[in-house]
Amino acid sequence: MMVSSLSGSILHFLPNSCDPPYKVLEEHPHLNLLSKCNNINSLRQIHSLFIKTGLHNTTFALSKLIHFCAVSPSGDLSYALSLFHSIQHQPVSNPFIWNTLIRAFSLSLSPIFSLQLYLHMLHSGVQPNSYTFPFLFKSCAKAKATLEGKQLHAHVLKLAIHSNPHVHTSLIHMYSSVGQLDYARLVFDKSTLRDAVSFTALITGYVSEGYVDNARHLFDEIPTKDVVSWNAMIAGYVQSGRFEEALACFGHMQEAYVSPNKSTMVTVLSACGHLGSLELGNWISSWVRECGLGSNLQLTNALVDMYSKCGEIDTARELFDGIEERDVISWNTMIGGYSSLGLYEEALALFELMLRSNVTPNDVTFLGILPVCACLGALDLGKWVHAYIDKNLKSTNNASLWTSLIDMYAKCGCIEVAEQVFGSMHSRSLASWNAMISGLAMNGDAERALGFFSEMANEGFQPDDITFVGVLSACTQAGLVDLGRQYFSSMIQDYRISPKLQHYGCMIDLLGRAGKFEEAKIMMRNMEMEPDGAIWGSLLNACRVHGQVELGEYVAERLFQMEPENPGAYVLLSNIYAGAGRWDDVARIRTRLNDKGMKKVPGCTSIEIDGVVHEFLVGDKFHPQSKSIYRMLDEVDKLLEESGFVPDTSEVLYDMDEEWKEGALSQHSEKLAIAFGLISTKPGTTIRIVKNLRVCGNCHSATKLISKIFNREIIARDRNRFHHFKDGFCSCDDCW
DNA sequence: CTAGGGTTAG
């Protein structure tokens, strides 16, 4: 919208005064009623009283009414407007009323309307004053109406009110928040007004454009820094992710004897959470109690966030439970806290409670819940979330929400749906490309993962370290040694990304599985950092695949030292011995494991039926439908036998890794889950299961056959990848 | 009678 240029006639217009003097009216008894009015209904009553007594004919009384419903939080802007229109028949020459309505729109969801009102004001011949412009500039800032803001700037200059401090600062603020730093700076530099307020307006502009160091220089120039300017600087560091500096700034603030307030603490708590500074967090917590601010919602939310980020989830929950009226941020913070600590059940339980409490979830809620769906393989819930987003949050610009959906579908094995979501995104982010690439890789489609990588480059996206984790893992899953090497060196040379542990992990896994042990060892020696347990672990797994007993023993010893509490290395080494037929050594390792009191993580498979997640352990008889499950299992085994399937008993020991020895092969958790899936879903439905460990060789062969016999697609997610079983084949080509 | 800068979840 363009504001017509201010004509001379309007500038020189002198409003007529048709109201009786204010003083007389101020003493009118009914006017005092407004000060006690606290809701729209009593306002209506007062309004009717005004009509009865004839007060409604005075602009002064109406302006009081309008002010109440336009600005008070319990007011009603449309009521204010109808009051305003009721006095349209006579010229509203009182700028106060116009200003009030312009202010009301600047606070509303459609601030741009205040500009329309401003135009209307000009056409009615009312001269804007120094009160009008701060509201207008706030609206321009909110609506990012740069062009209109510049025109209004011209009006300010014509009216010669640019040296008014309020007008001046709101102008700087407007240019700052639409990203026009040069103009903000120009306004600032042209004026002699250099108080903390105008400095701060400029500082936040620099911060939001990412120039936190420039902001700091300005900050240092402020003659007398007040709380707000300190808060702005601390928040600037927090927004730039420079949390240590935020805390240092907070320290300087205290040295300068400026007392912090609520906002200071809210901001500092956010930094504490990111840095895990529990000590400072606790100190602020007692500050909050001492100041009697324990019931302040913003502060409590910030404390909940800080505690959960510091891992003190129970303290966080206690605070959360103590909140009288939780807002959506309280819920999101708590759910996100559980989610990021891997406490999935708790996160889901709280989400359910949130919905039952009739709190409307928003995009941030789902950013906490979708990773839970992804980790648990809870596809039904994930689909529900997707439908909810489509229905209620369709217009969200939040690219990370769509990315979370892509990730969820990919991790639930629905790579086609993930791709549909990706295709429907309005503006793709780097993260969404990354999610697609690693999603395709983990679903065993290396070729398309690499295809997406080149496509993304064509669309002008610069890959980052996470992209390359996806690309390299695609190579690893598919055993593409040469390509993997090429991408690895291209990452370093062409993209100047220095490899991290995860990249080395992929490469060593890739080389080891291809039997290139020498090359893997050289790479491990040349790494800039110490290889971690995961890297030694993948080398040990490679030793298992290639029957490398001697190297395996060496690698296992390293792992025993590095991670004495991790039974994984013992299990893998015993597998290596079993594979070589060295049963005495198998027994020796098992004794060693038992002596240490370590237990193998039990194999556990889950399957979601109608939104409920059912978990199975080896030989598990706890399920309410246990009897029918075992009846189905017998039938499965019978059919397997009839089609010539011979259980590989050597694998019982060989694969102790996965299910130890306590259960018969046919009672492995994945088979229980599949049997349950067969009796609980309609024929032909895809069965999806999630296993916490790698799938065992015997079950893998059995599942391939089951997919053919029962004509079912079975999608199994194990610890690191997917197996799509169909017609007797698996997408992994029997290599995992 | 109104007015300027900072403030929580990802």
Side-chain angles (χ1 to χ4, degrees), chain A residues 22-23 25-26 31 34-35 59-61 63-64 66-68 70-71 94-104 106 129-138 141 161 164-174 176-177 184 188 193 195-205 207 219 222 225-236 238-239 260-271 273 296-306 308-309 327-337 339-340 362-368 370-371 398-401 403-404 431:
Chain A
Y22 286 154
K23 270 183 193 153
L25 273 167
E26 271 170 21
L31 278 174
L34 271 172
S35 59
T59 320
F60 181 74
S63 78
K64 281 284 189 191
I66 292 172
H67 184 250
F68 176 85
V71 181
N94 181 345
F96 169 73
I97 298 180
W98 291 99
N99 290 347
T100 302
L101 285 171
I102 288 173
R103 179 186 181 198
S106 81
N129 59 20
S130 67
Y131 287 83
T132 320
F133 289 96
F135 303 139
L136 288 171
F137 288 135
K138 188 169 258 180
I161 49 175
N164 176 290
H166 298 97
V167 175
H168 178 243
T169 315
S170 59
L171 200 44
I172 296 173
H173 175 245
M174 185 272 293
S176 283
S177 42
F188 180 82
L193 263 168
D195 57 3
V197 187
S198 48
F199 264 108
T200 310
L202 192 56
I203 285 172
T204 52
V207 167
F219 178 74
I222 305 180
K225 304 172 182 67
D226 62 9
V227 209
V228 182
S229 43
W230 281 102
N231 289 355
M233 198 60 238
I234 298 171
V238 169
Q239 279 162 36
N261 63 11
K262 281 189 260 182
S263 321
T264 323
M265 294 317 199
V266 166
T267 314
V268 174
L269 279 170
S270 153
N296 179 279
L297 187 57
Q298 284 186 356
L299 272 170
T300 313
N301 284 347
L303 281 169
V304 169
D305 182 49
M306 181 277 295
S308 70
K309 283 210 176 74
D327 64 359
V328 69
I329 297 180
S330 322
W331 289 97
N332 290 351
T333 307
M334 199 63 228
I335 291 172
S339 167
S340 52
N362 64 13
D363 49 347
V364 183
T365 318
F366 298 122
L367 289 176
L370 283 169
N398 197 336
S400 18
L401 189 57
T403 305
S404 288

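Letters A, B, ... are given to chains in the order of the sequence lines, protein chains preceding strands, and every chain is numbered from 1.
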From CE of A/M306 across to P of B/dT8 the rounded distance in Å is 16 Å
Rounded to whole Å, CG of A/N261 lies from P of B/dT8 at a distance of 13 Å
- Query: Between A/K225 and A/F219, is a side chain to side chain contact (heavy atoms under 4.5 Å, CB included) present by the stated rule, with each step listed?
  - Reply: CA-CA 8 Å; A/K225 304 172 182 67; A/F219 178 74; 3.5 Å; yes
For this session: For A/V266, answer base if it contacts any base atom (sugar-phosphate contacts may also be present), sugar-phosphate if it contacts only those atoms, and nothing otherwise; contact means non-hydrogen atoms under 4.0 Å.
Result: sugar-phosphate
Against the side chain of A/K138, the closest entry in B/dA9, B/dA3, B/dG4 is B/dG4
Ranking B/dG5, B/dT8, B/dG10 by distance to the side chain of A/V364, first place goes to B/dG10
In whole angstroms, the gap separating C1' of B/dG10 from CG of A/N362 amounts to 10 Å
Checking all strands, does A/T100 fall into the base, sugar-phosphate, or nothing category for heavy-atom contacts under 4.0 angstrom?
-> nothing
Does A/K309 reach a base, just sugar-phosphate, or nothing at all? Heavy atoms under 4.0 Å.
sugar-phosphate
Separation of B/dT7 atom P from A/L297 atom CG, nearest Å, is 17 Å
**Prompt:** With side chains defined as the heavy atoms from C-beta onward, is the minimum distance between A/L303 and A/L269 less than 4.5 Å?
**Reply:** yes
Taking B/dT7, B/dT2, B/dG5 as options, the one with an atom nearest any side-chain atom of A/V197 is B/dG5
Checking B/dT8, B/dA3, B/dT7 against the side chain of A/S270 (C-beta onward), the nearest is B/dT8
Non-hydrogen side-chain atoms of A/S330 and A/T333 separated by less than 4.5 Å = no
* Between the base of B/dG10 and the side chain of A/N332, is there a donor-acceptor distance below 3.5 Å? -> no
- Assign A/N99 to base, sugar-phosphate, or nothing according to its heavy-atom contacts below 4.0 angstrom with the strands shown. base
Looking only at B/dT8, B/dA3, B/dG10, the nucleotide nearest the A/D363 side chain is B/dG10
Checking B/dT8, B/dA9, B/dT2 against the side chain of A/T333 (C-beta onward), the nearest is B/dA9
Donor/acceptor link under 3.5 angstrom from A/D226 side chain onto base of B/dG5:
yes
4.5 Å side-chain heavy-atom contact, A/L401 and A/F366: yes
Whole-Å distance, A/N94 CG to B/dC1 C1', equals 9 Å
| query | Within less than 4.0 Å of OP1 or OP2 of B/dT7, is there a side-chain N or O belonging to A/Q239? | reply | yes
### Query
Can A/H166 be classed as stacking with the base of B/dA3, given a centroid separation cut-off of 5.5 Å and a plane angle cut-off of 30°?
yes
Between CH2 of A/W230 and C1' of B/dG5 the distance, given in whole Å, is 16 Å
Item to complete: Evaluate the side-chain proximity of A/L136 to A/S106: yes if any heavy-atom separation is below 4.5 Å, no if none is.
Response: no
Taking B/dT2, B/dG5, B/dG4 as options, the one with an atom nearest any side-chain atom of A/P134 is B/dG4
A/L136 CG to B/dA3 P, in whole Å, measures 14 Å
Next item on the list: Quick one: label A/S176 by what it contacts on the DNA or RNA (base, sugar-phosphate, nothing), any heavy atom closer than 4.0 Å.
Entry: nothing
Ranking B/dA3, B/dG5, B/dT7 by distance to the side chain of A/S263, first place goes to B/dT7
Between CG of A/L299 and C1' of B/dT7 the distance, given in whole Å, is 9 Å
| task | Apply side chain to side chain contact (heavy atoms under 4.5 Å, CB included) to the pair A/N129 and A/N99, showing each step before the final yes or no. | result | CA-CA 9 Å; A/N129 59 20; A/N99 290 347; 3.2 Å; yes
